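This report concerns only the one structure given below.
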Amino acid sequence: MAKRSDAQGRLDDAARAGWMYYVAGRTQDEIATAMGISRQSAQRLVSLAVAERLIKVRLDHPIAACLELGEALRSKYGLRQVEVVPSDPGAASTTVGIAEAGAAEIERWLRRQEPIILAVGTGRTLKAAVDQLPPMECPQHRIVSLTGNIGPDGSAAYYNVIFSMADAIKSRHFPMPLPVLCSSAEERDTLHEQALVRSTLAIGAQADVTFVGIGELGPDGPLCVDGFLARDEMAKLVDAGAAGEICGWMFDHDGKLLTDWINDRVASVPIPSCDTSCVIGIAQGKKKLPAIAAALSGHLINGLITDEATAEQLLRN
């Protein structure tokens, strides 16, 4: 998949800044905070939007409708960060658009000069986003994996993204040297007592920003397809009211974590609190809609990167 060009990325940012300034009525300081840039950069982006004739009577850019949907989602769910990208019904890949948007948001956080802890989950969409990142030197930051990197057969989990990030981002990385699911709650507790694991758990709990995938349930869900759960176990979860999962943590249709046999076996770092971290879910599509809606309703995430078709459905719910 081709990486987004610097020129196109800057025009996208200019369109976003121009919309916030001329349509949403935000100040340049507010735009700077929302986009994670300096006030001077925000001013230059607004000027670029005018110079490139993106600003006329309306925003002359396909991102305009997406920005309006994003503002509506922000208002409905009290979100801290929202990015809605145009839908492409003819695209063969389900990650087209949101992978690039996810990469751009991750890059914005990594460009910060002050040290941050960036936590990452796992999944196909998140890995596609990480694969879009350019090489970067970020020695001031720490990157921590929320999920184990060992598959059910003992091999490295393919969609664990911490190692892909390590190839592109020169910063300290902290993998979780555990399986995604343990065989029992007792095994999970024993593994969590290991010094290296305790250290990773502590770092994950302090994350300034968190990027996670949102998994749907059912026989075609990632946990079944990748062999972490048997079909009968998945059916049992769905019958019990489970709606989706984040980093293996199962939650119901109200976005509340299940208190049952499955979450007792999850070895992942607990999902960071939205009170202290910007927790951004990257997901789209009809299959994932119940899981996304539940995660938003339960405030498991306070940020979302999705496409316009999914955003429209979320607003109708």
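Everything numeric in this text was worked out from a predicted model, so none of it was measured.
With sequence neighbours excluded, no residue forms a side-chain hydrogen bond (donor to acceptor under 3.5 Å, both in side chains) with Ser268. Residues meeting the salt bridge (Lys or Arg N to Asp or Glu O under 4.0 Å) test with Arg74, sequence neighbours left out: Glu71. Not a single side-chain hydrogen bond (donor to acceptor under 3.5 Å, both in side chains) links Gln140 to another residue, sequence neighbours left out. Every residue two or more places apart in sequence or in another chain that forms a side-chain contact (heavy atoms from CB on, under 4.5 Å) with Thr276 is listed here: Ser273.
Rounded to the nearest 0.5 Å, atoms CG (Leu79) and CD1 (Ile301) are 7.0 Å apart. Rounding to the nearest 0.5 Å gives a distance of 11.0 Å between OG of Ser277 and CD of Gln206. Once rounded to the nearest 0.5 Å, the distance linking NZ of Lys288 with NZ of Lys286 reads 15.5 Å.
The other residues sharing a hydrophobic cluster with Val144 are Ile117, Phe174, Ile203, where clustering joins ILVMFWY side chains under 4.5 Å apart. The hydrophobic cluster of Leu48 has no other members, since no ILVMFWY side-chain heavy atom comes under 4.5 Å of it.
The heavy-atom pair separating Asp13 from Arg16 by the smallest distance is OD1-NH1, 2.8 Å.
The closest side-chain heavy-atom distance from Phe163 to His173 is not below 4.5 Å.
Because its NZ or CZ atom is not both nearer than 6.0 Å to the ring centre of Trp109 and within 45° of the ring axis, Arg111 does not count as a cation-pi partner of that residue.
Residues Glu105 and Arg108 are paired through a salt bridge, judged by an N-O separation under 4.0 Å between the basic side chain and the carboxylate.
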